[in-house]
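Have a look at the structure below, then the notes.
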Amino acid sequence: DEVKEHPSFFQREDELKEKIKQHDIISFDIFDTLVMRRVLRPRDIFSVMDVVRDREFKDLGYRFSEERIKAEDSFNSQDNPDLYEIYEKLQANIQSSKEEAYILLDKEVELEKRFIVRREKMCDILEWTLQHGKEVYLVSDMYFPKDILENILQDLGIKGYKDIFISCEYKLKKQEGLFKKYKEKTSAGGEKYLHIGDNYFSDIIAAQYEGIDTYQIFSAQEKMECSIYSGLLQNCMTLEENIVLSVFAEKAFNDPFRLCRANGKLLIGHLEEAVLLFVAPLICKYIIWMIHSLKSGQCDLVLFPSRDGYLLKKIYDKFKAENPYLNLPEAVYVYTSRRAALVSAAETEADVQEIVDFIFVKDKEELLKDRFGIGYTKDMDISNEMLLSKCKEEQKSYKKYLKQLGLNGCKKIAFMDFVAMGTVQAALEQIMETKFEGFYFLRRLADKKKMKELKCHSLYKEAGDFQIEANIYRFYYFLETIITSYEPTFWGVDKAGSHIFYTEKRSKEAIELIKRIHDEVLSYSETLFKLLPDIYSADSSIELYDALLGCFSADFSELMTNEINCLVNIDEFMGKNVADFNR
């Protein structure tokens, strides 16, 4: 859809600084100007409290969010209560002790601190304003009293202002005379005032009514709403989706001067930023979904296969370490590949023929040599019997490697995979003589009996290649490329027990880029897991995450770098390269 041009598209940092230079006393709004919450609506924090309360405050006998809103709304609009007054009302309503009420109050403030972040560019401008000798004040419509609000700002490194004017302290909102009170207390006569804030009515109109010049800064959410990404809000139905989309808005539009081009597209300078915005949410959703499935305790081990499981295991291990009370199963990184698993699982000449039948390239002899590790010459007579003998030799070495991992004592093993039918899972089950429970991003419809009999779950709805109407199918080659490990593809295990890898075809530049991408995804996962309380119970759909992934396309974002060109996806088993990432 066409996006109408918005005033924020044309705002410039130097324009605001020039206005600041022309004034003597500068005031800043706080929320959505200097700081922002990672929720779409301020009261969503109360919904977060509901989830936290269910685990930390057992059997309270009421729903916190409902009682908290009822307590605040019981005041007249002119009362402008502070947080302590609201909790006195809450205490009376729920008939609790003062101690219990203050425990809840402290928890609310703690959660607010967790969700509030600096708008870095605006905080830099505040510091620049101070360096230029201006008097700086903060003016806010807020129920946090001065002691709590100053503590929050101090933790965020926001300082240097002379004073804060808060509606709950003066019992006046901005539109009710707070700006008048601010001028009365700061004016010595003749000063030129400038107020900077996001709300058109309370920051702009109300300040102008008192003779104060203004500059409107648009919130991150407003910038998203006027951008090409506004359609994402249609997929925001649950608290989980709310937080995920708020994090997207914060990452994309924390800087109010970030320019959008035609249709409100983001200009993205580095590939890792594009991954952070559009791909990392889906990667984390997979881990959330898997954790939700594993918390029942039915599996006592999770296998993350090379190379697709490398980054995913890091994220899983981090979450497991920080949430020990969930008793999630241990994770093991297992070296495997289609080639290693199929060859080591071959028991009959028919199994060998299946491996041979996978070859669709012209240079069949060369690929045959590679798959079975034989020194092929043109006059060599290769039979399935001979190939099976090679498979049996390798099977011994590979089984020995798997035994060293200590997997044999596990009663039930979970196995992750990316986009697949289950080829590797089926082969490993045969080698280890045990059944797995598969957890895939997307499972393609199986076309063979042994594949169909596998026990598998899929984050996306299981479908055939031509039935998949999702962005994961469009971009999975790219995702496969960036979640991979820094080692080449695993080939097998030799008689001495040493691991053999295919020759590395990726450049040093590509591997360094993948490492930077991993750092960004890990950082994102830490942020998301910190914000989403009891993330393992999240049950929202995949639609928002797939829609975010779709924004990776050139229709929705413009990469100002050609870094993606150094990445290659090489399928050694099939003897082909995938170079087109289909943006």
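Computed from heavy atoms alone, side chains included, the values below leave out hydrogens, waters and symmetry copies.
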Does a salt bridge link [X] with [Y], judged by any charged N lying under 4.0 Å from a carboxylate O?
X    : Y    : value
E250 : R38  : yes
E322 : K530 : no
E67  : K70  : yes
D44  : R37  : no
K171 : E176 : no
E169 : K185 : no
D213 : K19  : no
D163 : K146 : yes

### Task
Any chance you could measure D79, atom CG, to E72, atom CD, to the nearest 0.5 Å?
11.5 Å
### Summary
Rounded to the nearest 0.5 angstrom, the OG-CZ distance for S219 and R119 is 6.5 Å
Taking C-beta and beyond as the side chain, do [X] and [Y] meet within less than 4.5 Å on heavy atoms?
X    : Y    : result
R68  : I86  : yes
E13  : K121 : yes
Y316 : L312 : no
Y84  : I148 : yes
H270 : E563 : yes
V419 : L479 : no
L282 : Y460 : yes

### Task
Carefully, step by step, assess S227 and F253 under the rule side-chain contact (heavy atoms from CB on, under 4.5 Å).
CA-CA 10 Å; S227 75; F253 301 113; 4.0 Å; yes
### Query
Once the angle between the rings of F257 and Y215 is folded into 0 to 90°, is it parallel (under 30°), tilted (30 to 60°) or perpendicular (over 60°)?
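Plane angle between 30° and 60°, so tilted.
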### Query
Between F179 and Y209, is the gap from one ring center to the other below 6.0 Å?
no
### Message
Restricting to non-hydrogen atoms, name the atom on S97 and the atom on E100 that form the minimum distance, rounded to 0.1 Å.
### Response
OG-N, 3.0 Å
### Task
Heavy atoms only: give me the nearest L156-I116 pair and the separation to one decimal.
CD1-CG2, 3.6 Å
Under 3.5 Å, is there a donor-acceptor pair between the [X] and [Y] side chains?
X    : Y    : value
E108 : Y87  : yes
Y486 : H518 : yes
D203 : H195 : yes
Q221 : E225 : yes
S523 : D519 : no

### Message
Would L245 and N235 count as a side-chain contact (heavy atoms from CB on, under 4.5 Å) here? Give the steps.
### Response
CA-CA 9 Å; L245 203 52; N235 295 306; over 6 Å; no
### Task
Tell me whether the guanidinium CZ or amine NZ of K181 lies under 6.0 angstrom from the six-membered ring centre of F165 and within 45° of its axis.
no
### Message
By the definition side chain to side chain contact (heavy atoms under 4.5 Å, CB included), identify the one residue from V139, D82, D141 that meets it with S167.
### Response
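Between S167 and the candidates, side chain to side chain contact (heavy atoms under 4.5 Å, CB included) is satisfied uniquely by D141.
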### Task
Can you tell me which residue pairs pass the ring pair (Phe, Tyr, Trp, His ring centres under 6.0 Å) test with a partner in residues 15-51, sequence neighbours excluded?
none
### Task
State which residue, out of Y229, F278, F475, Y476, fulfils the ring pair (Phe, Tyr, Trp, His ring centres under 6.0 Å) condition with F552.
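Answer to the ring pair (Phe, Tyr, Trp, His ring centres under 6.0 Å) test with F552 among Y229, F278, F475, Y476: F475.
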### Query
Heavy-atom count around F75 CZ within 6.0 Å, excluding the residue itself: above 12?
yes
